[in-house]
Amino acid sequence: MSRNPIALVDVNNFYVSCERVFDPSLEGRPVVVLSNNDGCVVARSQEAKDLGIETGTPWFKVKPSAAAWNLVARSSNYELYGDMSARVMEVVGRFGTWQEVYSIDESFLGLTGTEGQLREIGEEIRAAVARQVGVPVCVGIASTKTLAKFTNRIAKQNAAMGGVCSLDSMPVGQVETIQERVPVTGLWGVGARTGDRLKAQGIVSIADLKRADPLAIRKKFSVVLQRTVLELNGTACIPHTEERVDKQQIMFSRSFSTPVTTLEEMGQVFSIYAQRGAARLTAGGQCATMLTVSAGTSRFAGGDASFPAVTLRLPAPTSDPIVLTRLAVSALRGMIVPGTSYVRAGVMLGGLEPARGQEQFDTFVDDRESLDLGGLLGSVRAKFGDTAIGLGAGGLAEPPGWSMKRELSSPRYTTEWEDLPVVSAR
DNA sequence: TCTGGGGTCCTAGGACCC
DNA sequence: TCTGGGGTCCTAGGACCC
């Protein structure tokens, strides 16, 4: 493997670990972090996992036992997690010849060194992140991304390894034993659907898949699964993209704290969501060419749920909040049935392309010809806060009744001056 | 009573062109 | 009126990820 080893570095129980950095009283206690609207569990501390709480469990089902379990729940605080993520990535990136940030809490890293040095580097990464950011990470090192993910899992599940595992330093027999035991769906890229289809072919464990003929797998399944087979056998074939490529779509979608039933309220929703989407476009220097608005009734209410959606092709690529808001609101007529209880809605911007100066306004020749409205709104919000300015309903000082609920949120410790933690010593 | 949000990649099939 | 083959682009939907 000595050629081009790859590390997968990820934070243990990331959201919970972020909460613990600023509230050490959470150490050792079961902690869960909830989805938007405090709906269901999205992250768990080890203690919470040990209690048998699964990801996706609705909070109202867990809540009655919370006191008895000494369980703490927090609303998700994405502002905090996003900022902590950037800090972790910066520290981890110092150790690699290249780095690919794969998700909010994990990145692939190119390493160099002998087998013995690799383990040391892994330990240095752990120590650096613990000291400079304060969260625990695990490191898995192998010759391909798929194997690095698998090795990271081994590091996580064996406390004796101290959070670092290099696949080639493990006895071959031991690796084979694990691969015989772990089901294929434990692999990166193999989900439940593919798992069922593989089982029908007699392929159950990771070891089974590793022995399969790559060409046959490609024929029966897909090129994606063929790559998994090759990577399991040490042939790296999933390329890494070091540069952050532009996004291809932007979605703003939320559940409501109380159902929305009228055209008027849904107009508010689409107006506000379209403006949030437009703000993200502007921030990323992009324009959209397609707009999709959608809504949904509850899957749990009994009867048939409905998920109406309308997609519009924009007359010209744009990030103009006025254009996007107008179109999003106009799309709801004929799509939304008044009197129906909608529990969620979303605005999706697609077919994104880089913004090209003022061209985005060329087809809308009015007195805004040379005005970058999105940029202007963005700078006002940056200075005076997210709710300082907006179009129509987006400019309401008081959030509407259906707005998201986050009753158990921690402060934005690292991104707002007024939320800065205070430390004192005696 | 109360059940998340935001993405990517691949494939198949249709429209269209030469 | 019949006949052929090859290619691109776009879109919808599936599967997967965290």
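Letters A, B, ... are given to chains in the order of the sequence lines, protein chains preceding strands, and every chain is numbered from 1. This structure is a prediction, so every number in the text was calculated from the model and none was measured.
- Between the CG atom of L349(A) and the P atom of dT8(B) there is a distance of 13 Å, given to the nearest Å.
- In this structure, of dC9(B), dC18(C), dT11(B), it is dT11(B) that holds the atom nearest to the side chain of V223(A).
- K405(A) comes within 4.0 angstrom of nothing in the nucleic acid, heavy atoms only.
- Judged by a 6.0 Å distance limit and a 45° cone about the ring axis, R254(A) is positioned over the six-membered ring of F252(A).
- When distances are taken from the side chain of C40(A) to each of dT3(B), dC18(C), dT8(B), the shortest belongs to dT3(B).
- The shortest distance between the side-chain N/O atoms of S103(A) and the OP1/OP2 oxygens of dG7(B) is not below 4.0 Å.
- With distances taken from any side-chain atom of Q248(A) to the nucleotides dT8(B), dG6(B), dG4(B), the minimum falls on dT8(B).
- For dG5(C), the paired nucleotide is dC18(B), the pair qualifying as Watson-Crick or G-U wobble because both relevant distances are below 3.5 Å.
- A donor-acceptor pair under 3.5 Å links the side-chain atoms of S298(A) to the main chain of F300(A), judged by distance alone.
- Rounded to whole angstrom, the span from the CG atom of L225(A) across to the C1' atom of dA15(C) amounts to 11 Å.
- Across all strands shown, R313(A) has heavy atoms under 4.0 Å from sugar-phosphate atoms exclusively, and none from any base.
- As rounded to whole Å, 19 Å separates atom P of dG4(B) from atom CG of N77(A).
- E106(A) has no carboxylate O lying under 4.0 Å from a charged side-chain N of K156(A), or vice versa, which leaves the two without a salt bridge.
- Heavy atoms of T194(A) sit under 4.0 angstrom from primed sugar atoms or phosphate atoms, though from no base atom.
- Heavy atoms of D105(A) sit under 4.0 angstrom from primed sugar atoms or phosphate atoms, though from no base atom.
- In this model, the phosphate group of dC9(B) is not approached by any side-chain N or O of R227(A) to a distance below 4.0 Å at OP1 or OP2.
- Here F300(A) counts as stacked on dT3(B): its ring centre is under 5.5 angstrom from the base ring centre and the planes meet at under 30°.
- Following rounding to the nearest Å, L187(A) (CG) and dC17(C) (P) show an atom-to-atom distance of 9 Å.
- When the nearest nucleotides of DNA chain B are assigned to M251(A) and D38(A) by heavy-atom distance, the more 5′-ward of the two goes with D38(A).
- Straight-line distance between the P atoms of dT3(B) and dC18(C): roughly 26 Å, to the nearest whole Å.
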TODO: In sequence, state the C-alpha distance, the side-chain angles, and the governing distance for Y342(A) and F307(A), and then conclude on ring pair (Phe, Tyr, Trp, His ring centres under 6.0 Å).
DONE: CA-CA 9 Å; Y342(A) 296 98; F307(A) 303 93; 9.8 Å; no
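- We find that CZ of R254(A) is positioned 7 Å from C1' of dG5(B), with the value rounded to whole Å.
- Contact annotation for F252(A): backbone-only contact, meaning every heavy-atom pair under 4.0 Å involves sugar-phosphate atoms and none involves a base.
- Counted by atom type alone, S255(A) and R344(A) present one or more donor-acceptor pairs between their side chains at under 3.5 Å.
- The distance between atom NZ of K61(A) and atom P of dC2(B), rounded to the nearest whole Å, is 12 Å.
- Between the side chains of S166(A) and D168(A), no donor-acceptor pair is found at a separation under 3.5 Å.
- At least one side-chain nitrogen or oxygen of S255(A) sits closer than 4.0 Å to the OP1 or OP2 atom of dG5(B).
- In this structure, I250(A) reaches the sugar-phosphate backbone alone: every heavy-atom distance under 4.0 Å involves primed, P, OP1 or OP2 atoms, never a base.
- By the 6.0 Å contact criterion, CZ on R299(A) is open, its count of non-hydrogen atoms from other residues, nucleotides or ligands being 12 or less.
- In the set dG4(B), dC18(C), dT3(B), dT3(B) carries the atom at the smallest distance from any side-chain atom of F60(A).
- Remark: R344(A) is not in phosphate contact with dG6(B), judged by side-chain N or O atoms under 4.0 Å from OP1 or OP2.
- Between G39(A) and S253(A), the one whose closest nucleotide on DNA chain B sits nearer the 5' end is G39(A).
- Between dC2(B), dA15(C), dG4(B), one nucleotide has an atom nearer to the side chain of R193(A) than all others, and that is dA15(C).
- Look at CH2 on W59(A): it is 12 Å from C1' on dC2(B), rounded to the nearest Å.
- Rounded to whole Å, atom P of dT3(B) lies 12 Å from atom CZ of R299(A).
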